[in-house]
K.L.:
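Below is the structure I would like to discuss, written out as structure tokens.
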Amino acid sequence: MPNEPSVKTLVSEKLMSFLRFSHPLVVQYTAAISQNANSPEEIVDKLLEYGVDGGDDIRSLAADLFLSVSRSDKAAAKGSNSRRHEEKSLADLARKQRQYRLIVAESDGDDDDDHDSGAGGASSSKSASGVVGGEDDKKKRKATDDREVIRALRKKSRQEYLKKREKEKLQQLDDWIAEEKVLLEGLELSEVERLEYKHNKEILEATNKFSESVAGSDGGEYRFPEAYDGDGLIDQRRRFGAASKRDTGGFEKLESWEDHQLQKATVKFGSKNRKREADDYQLLFDDSLYKLEGQLLPGKSLDEEITQKLDYVSKKHIGDGRKCLPIYQFKDKLLQMIRDNQVLVIVGETGSGKTTQLPQYLHEAGYTKQGKIICTQPRRVAAMSVAARVAVEMGVKLGHEVGFKIRFEDCTSEKTVVEYMTDGMLLREFSSQPDLKNCSVIMVDEAHERTVSTDIIFSLVKDLARQRSDLKLLISSATLDAEKFSDYFDCAPILEIPGRQYPVDILYKQPVDEILEEAVAATLHIHVTQQPGDILVFLTGQEDIETVEEMLREKVKHYGSKMGELIIHPLFANLPTELQARIFDPIPEKARKVILATNIAETSLTIEGIRYVIDSGLCKLSSYSPRTDMGSLQVTDISKASAMQRAGRAGRTGPGKCIRLYAPDHFQNQMEDNCVPEIQRSDIVSVVLTLKALGINDFKNFDFMDPPSDESMIKALELLYALGALNSKGDLTRIGKLMAEFPLDPKLSRMLIAAEKYGCAEEVMTIAAMLSVDNAIFYSPKNLQAMAENAKKRFEDGDVGDHIALLRVYNSWKETDFSSGWCRENFIQARSMKRARDVRDQLMNLMEKAGIELNSNPNDLDAIKKAIMSGFFPHIGILQGSGSYRILKGLQNVQIHPKSGMARVQPNPRWVVFHELVLTRKEYMRHVSEVKPKWLLEIAPHYYERKELEKFFPRQL
DNA sequence: GAGCACTGC
């Protein structure tokens, strides 16, 4: 358990050196001490001891505080919910401090301290807390004395204040140089002036810099660095290490571009209304800290109630090798339990060593004599790095006894007995070898993440275990839902392994302002008041991250050297790898790192040295509606499990703190225990096809842990039937079997298979690859949007539609021999392009295997579109009078996405095929091409009737 | 004229 924080630890020395007692920060921490003080003198002594010297002010405020706190004790004792009361009284106290300062500032002495009327209250509060009566009277007398003292002190400080004020006014009339003097004095009210002085200077500097940079600009400041994380790299560090080495030149250039942007922003901000902004700034900073602290006070009872104690293993064990991992103590027990049970649920927090050690124990115990040990991971990088680590620990070469298998990369051999793979990969293995007879143990790691693949693996493996009594199953999960796994696997025993986790204090802050402003305030609060340690802030997405980054940079500029240096790093998946790598950069001593991250930091990336976490309580979550066939991405509350995971990130290297920007009540009552599993929020057509290919027909009784809705199931079956993958009996057809071979959405597979018939398999294969790498092909930086748009337009020339445009992008890239430079010039993401190339290569192999001829006819665009329609005939939009489109066989009205090249084609195309529907601000079709309605009758006569189509445009048929 | 959390085969 952490000790009660001393004032010294709370108020950094730096802060002490320039802040006077009246600063709200010091006021708040004084309030904290006064919680446990027996007299105003004790408070004063303690403060002096720590170097806070506020002169007479200190005494008067200490007395004031003491009385207020005593009174709040009383209130707390009365109330049924003591914590609530304590919070309330602290808020009152905070308000009072503010009043007090105002009173002093306005030199209005006749304001009577209504709160002081609680002198009698102080006595009852003390008896409530068990102090004997004699002392009680003493307190009472003291309180009355204190009241007199306060009056006297206030009068004195008023006079002093007026004196200072006069002086300041004079100084204000002086030149800026005179301000230096004020700076030295470090008085509270001169703070504004000091900042303004600093600010003015900054503006001057920034303006100069700006004109310089404009004069020296070569116009070519933009550069988009190469971003694809090559698959050959083993772990994160190596991955990033290589990434930053790879393209240093571009990186520096990008940096200077950023600086340049930053300067521009500053100039704009400063020259417009700097005076007002500076004032606001001062207020905002004080005020937000104020509110934050109102509930953040480290009072003891508050701590006990809301502090989550996470398991703790002494630090001295770290780094002592395998035997010092927490799991080691459980080795024998584990092996015993595995011997006795077929299925075992293992709960182990991060750092327990389960992923690396368990397979090794099993190997040592001889399980590999009967067959391989397979361990699944939800992520590629994890599978690779864990395998590499285990290979080192076992002293073998990676790919020999220990290997990994992920898409595009198989690093295993005949010898391999311990195999790490992604969960999707295991699913593929199932289709070629449904009984997995060469394997003796299957370990499903990170099961709590509940990816679609792990969910399916659960059912398959559960079934398999019944058939094969020699097969052992290990399901490893995080704490919260272990019982659910156990129940699912017929009450399998649960073994808990402690993690290597330090305690994390969890503090709540009910947001008052916008959540982003709260995040900024909380960050600064930690930075100014807390001991060293990096901060991790969880936000929803790129946009929020960039906003917060900008806000923080502005604030830091203003506080300058007063505050320790704050190094800010954004972190999200779409960020170029070079910039992601910066989170690992060493920082100067005394500086503090702030990482503004999305969910990527919750699971995928572990960052050392984080001691503070700020949790917005939000994330973006994708969802899919089978009824409208529409996907969307929405900001949602995270689950309790996620909240715990996020908090846990603060306790990896030492005891930490987590500030949650939501109320405890919200956590308790609003948040779900676990996030809705992915399988219930996504389109499951490919899941259904995969299962069909595995010979599973009875979906009604298929043992899903959480079954997808009937609606989405029916929708999926209907679509597969329409695509010709299933016959009228619901059995897989020849085409269906072929479709299941491709790692693509079934509509894309269908289109690919049809392409041979239209003589354009090469082209359609490229389009399929491009479409399967999301929407991350084109890149449009904010400041160069027009240029990016123009670059994109070149591929859309002739209004050929988005599909053909993608084909042209790929082919142009291929002509430049896959050049990254070309990507930069054309505002295209090299990372996505390389991924598309990998996908394309894989498709090509599969096509060859399937005996599909790779014919090519790049000039027959109609043929290409017909092939596309062979897979996407259910995705047809018809122009309505209003300019919106209606989905054939659907009811929604949608529009062409403004980013589509077809959006600006006039007149609007009447019939279009689209890749997908998305709900953002409106309902949009993404990736659109014009088609002819008569093709529909040619391609999908089983799906559309002539009559049906004639209703819309009779003449076109 | 809008905006893409994160994975995976």
Side-chain angles (χ1 to χ4, degrees), chain A residues 231 376-383 405-410 421-432 446 449-457 538-547 571-575 597-605 616 618-623 631-636 638 642 675 677-679 681-682 686-687 689-690 693 739-746 748-749 769 772-782 785-786 788-789 829 832 835 838-839 842-843 845-846 895-901 903-904 916 918-924 926:
Chain A
D231 284 309
T376 71
Q377 293 291 321
R379 274 168 294 279
R380 299 159 51 87
V381 181
K405 211 183 258 183
I406 57 178
R407 188 181 186 182
F408 309 131
E409 200 169 343
D410 182 351
M421 59 173 77
T422 45
D423 44 17
M425 203 68 199
L426 181 61
L427 213 50
R428 289 271 144 194
E429 300 261 298
F430 259 107
S431 50
S432 59
E446 315 285 352
E449 288 192 28
R450 302 290 309 273
T451 66
V452 174
S453 304
T454 40
D455 265 24
I456 300 169
I457 286 172
F538 282 103
L539 299 164
T540 57
Q542 179 173 356
E543 203 181 343
D544 282 5
I545 287 173
E546 282 167 355
T547 310
L571 177 65
F572 43 89
N574 258 347
L575 194 73
T598 60
N599 255 356
I600 193 173
E602 197 178 303
T603 48
S604 309
L605 276 175
S616 64
L618 300 168
C619 70
K620 280 190 185 173
L621 205 68
S622 75
S623 60
S632 62
L633 199 63
Q634 269 151 353
V635 175
T636 325
I638 57 169
S642 283
C675 182
E678 197 189 353
I679 201 165
R681 329 178 248 110
S682 41
S686 46
V687 172
L689 184 63
T690 309
M739 279 165 65
E741 293 290 313
F742 293 98
L744 292 172
D745 179 286
L748 288 172
S749 314
S772 65
V773 294
D774 285 353
N775 297 300
I777 303 281
F778 297 101
Y779 175 77
S780 172
K782 267 191 189 125
Q785 264 180 11
E789 288 292 309
Q829 299 238 36
S832 305
R835 174 159 248 122
D838 285 344
V839 174
Q842 194 187 19
L843 294 180
N845 287 333
L846 289 165
Q895 266 156 314
I896 297 179
H897 198 283
K899 273 204 170 165
S900 160
R904 50 163 198 279
E916 63 182 352
V918 286
L919 174 68
T920 50
R921 287 187 199 181
K922 291 178 189 166
E923 288 145 328
Y924 289 114
R926 252 202 306 234

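Letters A, B, ... mirror the listed sequences (proteins, then strands); counts begin at 1.
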K.L.:
Contact class for A:T598 vs. all strands (heavy atom < 4.0 Å): base, sugar-phosphate, or nothing?
P.N.:
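It contacts sugar-phosphate atoms only.
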K.L.:
Among the nucleotides B:dC9, B:dC4, B:dC6, which one has an atom lying closest to any side-chain atom of A:P743?
P.N.:
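Closest nucleotide to the A:P743 side chain: B:dC9.
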K.L.:
Closer than 4.0 angstrom, basic N to acidic O: yes or no for A:E429 and A:K405?
P.N.:
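A salt bridge links A:E429 with A:K405.
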K.L.:
What about A:T540: does its side chain form a donor-acceptor pair under 3.5 Å with the base of B:dA5?
P.N.:
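Between B:dA5 and A:T540, which were checked side chain against base, a qualifying N/O pair under 3.5 Å is absent.
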K.L.:
Applying a 4.0 Å non-hydrogen cut-off, can you work out what A:L633 is touching in the nucleic acid: base, sugar-phosphate, or nothing?
P.N.:
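Base contact.
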K.L.:
Closest approach to the side chain of A:I406, judged atom by atom: which nucleotide of B:dA2, B:dC9, B:dT7 is it?
P.N.:
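Of the candidates, B:dC9 comes closest.
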K.L.:
Categorize A:Q785 for me: base, sugar-phosphate, or nothing, with a 4.0 angstrom heavy-atom threshold over every strand shown.
P.N.:
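The answer is base, as A:Q785 lies within the cut-off (heavy atoms under 4.0 Å) of a base atom.
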K.L.:
Need to verify one output field. Residue with the more 5' nearest nucleotide on DNA chain B, A:Q542 or A:P898?
P.N.:
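By nearest-heavy-atom nucleotide position, the 5'-most residue is A:P898.
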K.L.:
Do any side-chain nitrogens or oxygens of A:R380 fall under 4.0 Å of OP1 or OP2 in B:dC9?
P.N.:
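Yes, because at least one side-chain N or O of A:R380 sits under 4.0 Å from OP1 or OP2 of B:dC9.
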K.L.:
Please answer whether the main-chain N or O of A:M421 pairs with a side-chain N or O of A:Q377 as donor and acceptor at a distance below 3.5 Å.
P.N.:
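No; judged by distance alone, with no hydrogens or angles, the pair does not exist.
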K.L.:
Report which part of the nucleic acid A:E449 touches: base, sugar-phosphate, or nothing (heavy-atom distance under 4.0 Å, all strands).
P.N.:
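The answer is nothing, as A:E449 stays clear of every strand by at least 4.0 Å.
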K.L.:
Do A:S686 and A:D745 get their side chains close enough for a donor-acceptor pair, meaning under 3.5 Å?
P.N.:
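Side chains of A:S686 and A:D745: no pair found under 3.5 Å.
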K.L.:
When all nucleic acid strands are considered with a 4.0 Å heavy-atom cut-off, which category describes A:T422: base, sugar-phosphate, or nothing?
P.N.:
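Touches sugar-phosphate only.
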K.L.:
What is the nucleic acid contact for A:Y924, judged by heavy atoms within less than 4.0 Å: base, sugar-phosphate only, or nothing?
P.N.:
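Sugar-phosphate contact only - A:Y924 comes under 4.0 Å of backbone atoms but never of a base.
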K.L.:
Could you tell me whether A:R428 contacts a base, only the sugar-phosphate backbone, or nothing, with contacts defined as non-hydrogen atoms closer than 4.0 Å?
P.N.:
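Here A:R428 touches the bases of the nucleic acid.
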K.L.:
Is A:E789 salt-bridged to A:R904, going by a charged N under 4.0 Å from an acidic O?
P.N.:
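Here A:E789 does not pair with A:R904 in a salt bridge, since their nearest N and O are not under 4.0 Å apart.
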